[in-house]
Amino acid sequence: MLKTILEPNPDNFTGDDADFMADFAMLCTFGATANGGVDRLAASAADGQQRTWFTQLLTGHGFTVEFDRIGNQFGTYELVPGAPYVLVGSHLDSQPTAGRYDGAYGVLAAAHAAFRVVAAYKNSGSLPKFNIAVVNWFNEEGSRFKPSMMGSAVYTNKLELDQTLSTQDRDGVTVAEALTAIGCLGAGAGPQAACCAEIHIEQGRSMERGGISIGIVDSNWAANKYEFIVNGEQAHTGSTVIIDRKDALLGASMLVVAARELADSFPGVLHTSVGQLDVYPNSPVVVPSRVTLLLDLRSADEDVLAQADLQLHGHIEKIERLANVTIVKEDSHCWPVTPYQPAGVELAEKAAANLGLPHQRVKTLAGHDSTNMKDIVPTVMLFVPSVDGISHNEHEYTRDEDIVSGLHMLTDVVCRLAEGELN
């Protein structure tokens with residue numbers, strides 16, 4: 001793991017690339033943490049500050065900025081009156097004490113790619129087939145409000161608006177209240193997309209190990225995400241004999257172990273995790289009466305995922321009996337293996353070859369907003385390498401030369417999409 005976070009250095013670049021690096025260095029200051037990362041949960045004060053700055057950046061280049069009814073931030077530039085848009089972007093929200101690159105790089109690269117494409121058309125006097133729109137999707141991370149990829153899910157009609165706006169965080173603040181507090185709750189549905197593009201850090205090691213500059217995503221892994229509530233009974237930790245206890249945390253711990261054992265039984269082809277536990281009453285002398293946990297299973301092989309899922313649910317009755325608890329599946333959020341459009345993959349391969357960038361096809365293990373968008377419009381998803389594969393961590397890092405190469409790649413792709421090559 002990196003011991004020192006290297007600062008983005010505009011001095012190593014010239015012209016538009018230096019401007020991009022300077023803007024990225026500025027973006028890294030919003031919600032900055034002492035250890036070189038960022039903490040800017042969706043609709044937090046830090047998120048509101050970076051959105052205000054991003055609005056100024058977009059309007060300074062002649063783009064019109066609007067927020068839609070779920071807080072997605074759009075910067076639009078109409079070159080062809082009435083035409084739909086090439087929608088390009090990612091997300092600015094982060095996990096707590098996260099890295100600088102996850103999502104944020106993709107938003108800023110989208111903006112600078114859009115600036116370059118619009119300027120090229122204006123200078124040439126020619127017109128593209130589609131207009132250009134930059135997007136900062138709301139609550140992609142899902143760290144404050146569940147589920148993840150919330151903004152793009154509402155945009156693509158996978159989530160119902162009113163129910164999503166009423167979703168609460170741990171403190172009981174709703175999505176609508178949080179967005180209103182930072183002035184980012186709009187009324188419209190956003191621009192109409194003709195196609196979409198997103199660039200992101202890989203969040204893995206394969207590209208760095210292979211010496212690959214550009215990953216062209218051809219498919220996503222399937223995922224089953226569950227919210228389980230383990231119900232026990234409150235008791236005194238000192239005086240209540242073990243046999244009489246109904247320990248919700250014990251039952252939750254057994255679920256955590258069961259998830260890891262599932263991954264070990266399908267080595268290399270199944271990822272499992274429990275990333276969040278909420279324990280009640282969370283007192284040092286009280287046997288917990290309720291634990292809520294979020295558990296997910298992921299695989300590129302849907303048969304493996306189905307087998308693992310069946311085994312997981314088969315463990316529940318045994319855990320209930322051993323821990324003397326009851327387990328309720330409160331919510332689920334699942335998606336299958338779905339490919340990105342082959343024509344988009346081929347378009348990206350042509351662009352990478354044209355730029356002389358080493359590239360290969362890769363799969364995304366993590367969810368991204370583009371995995372929602374590809375279900376409604378042709379979509380291109382790109383990766384740049386991550387050093388040591390570190391992500392969702394303050395030591396997350398991608399080399400300056402790689403994020404600039406990714407910007408050049410994205411600019412070429414956006415230009416091709418604007419011309420209608422993928423339509």
Side-chain angles (χ1 to χ4, degrees), residues 42 50-52 54-93 103 106-122 127-140 149-161 164-165 179 183-200 341 344 368-382 410-411 413-423:
Q50 67 182 351
R51 282 164 167 251
T52 297
F54 193 53
T55 291
Q56 294 168 349
L57 179 69
L58 291 166
T59 56
H61 284 80
F63 283 63
T64 299
V65 175
E66 62 175 303
F67 296 94
D68 74 359
R69 53 192 180 165
I70 192 60
N72 296 318
Q73 182 178 18
F74 297 98
T76 59
Y77 201 104
E78 189 176 63
L79 292 161
V80 184
Y85 289 79
V86 175
L87 194 55
V88 55
S90 190
H91 63 95
L92 290 178
D93 70 305
V107 174
L108 193 64
H112 276 261
F115 300 159
R116 297 178 187 194
V117 171
V118 167
Y121 279 114
K122 291 177 69 176
L127 292 177
K129 183 172 183 178
F130 300 122
N131 293 308
I132 307 294
V134 178
V135 60
N136 163 30
W137 297 110
F138 173 68
N139 193 51
E140 191 273 352
M149 302 183 290
M150 181 178 281
S152 59
V154 171
Y155 180 88
T156 56
N157 296 315
K158 293 184 177 184
L159 286 179
E160 195 274 329
L161 176 64
T164 306
L165 287 172
L179 284 170
C184 294
L185 183 60
Q192 178 189 355
C195 50
C196 180
E198 180 176 1
I199 196 166
H200 204 280
Q341 291 83 3
H368 299 286
D369 293 302
S370 71
T371 60
N372 281 331
M373 289 301 297
K374 68 178 170 49
D375 293 337
I376 66 165
V377 293
T379 298
V380 175
M381 180 76 192
L382 306 170
L410 184 65
T411 302
V413 166
V414 171
C415 187
R416 291 168 184 266
L417 294 177
E419 289 290 332
E421 286 190 27
L422 191 52
N423 190 39

- prompt: For Glu66 and Thr76, does a side-chain donor sit closer than 3.5 Å to a side-chain acceptor?
  reply: no
query: Is Lys158 close to Asn372 at the side-chain level, that is, under 4.5 Å between some pair of heavy atoms?
result: yes
message: Between His368 and Glu198, is there a side-chain heavy-atom distance shorter than 4.5 Å?
response: yes
message: Donor-acceptor check, side chain of Asp68 to backbone of Gly186, threshold 3.5 angstrom: yes or no?
response: no
query: Between Glu419 (side chain) and Lys129 (backbone), is there a donor-acceptor pair under 3.5 Å?
result: no
- request: For side-chain contact (heavy atoms from CB on, under 4.5 Å), just list the numbers for Arg69 and Tyr155, CA-CA rounded to whole Å, side-chain angles, deciding distance to a tenth of an Å, and then say yes or no.
  value: CA-CA 9 Å; Arg69 53 192 180 165; Tyr155 180 88; over 6 Å; no
field: Spatial distance of atom CD (Gln341) from atom SG (Cys195) [nearest 0.5 Å]
entry: 10.0 Å
task: Determine, stepwise, if the pair His91 / Phe138 fulfils side-chain contact (heavy atoms from CB on, under 4.5 Å).
output: CA-CA 7 Å; His91 63 95; Phe138 173 68; over 6 Å; no
- prompt: Mind checking whether Phe63 and Phe115 have ring centres under 6.0 Å apart?
  reply: yes
field: Closest contact, heavy atoms only, Phe130 versus Pro128
entry: O-CG, 3.2 Å
query: Which pair of non-hydrogen atoms, one from Val414 and one from Ala113, has the smallest distance, and what is that distance?
result: CG2-CB, 4.5 Å
message: Pair Leu87, Phe74 - check side-chain contact (heavy atoms from CB on, under 4.5 Å), show working.
response: CA-CA 9 Å; Leu87 194 55; Phe74 297 98; 3.8 Å; yes
- request: Applying side-chain contact (heavy atoms from CB on, under 4.5 Å) between Tyr85 and each of Asn131, Leu79, Val80, report the one that passes.
  value: Asn131
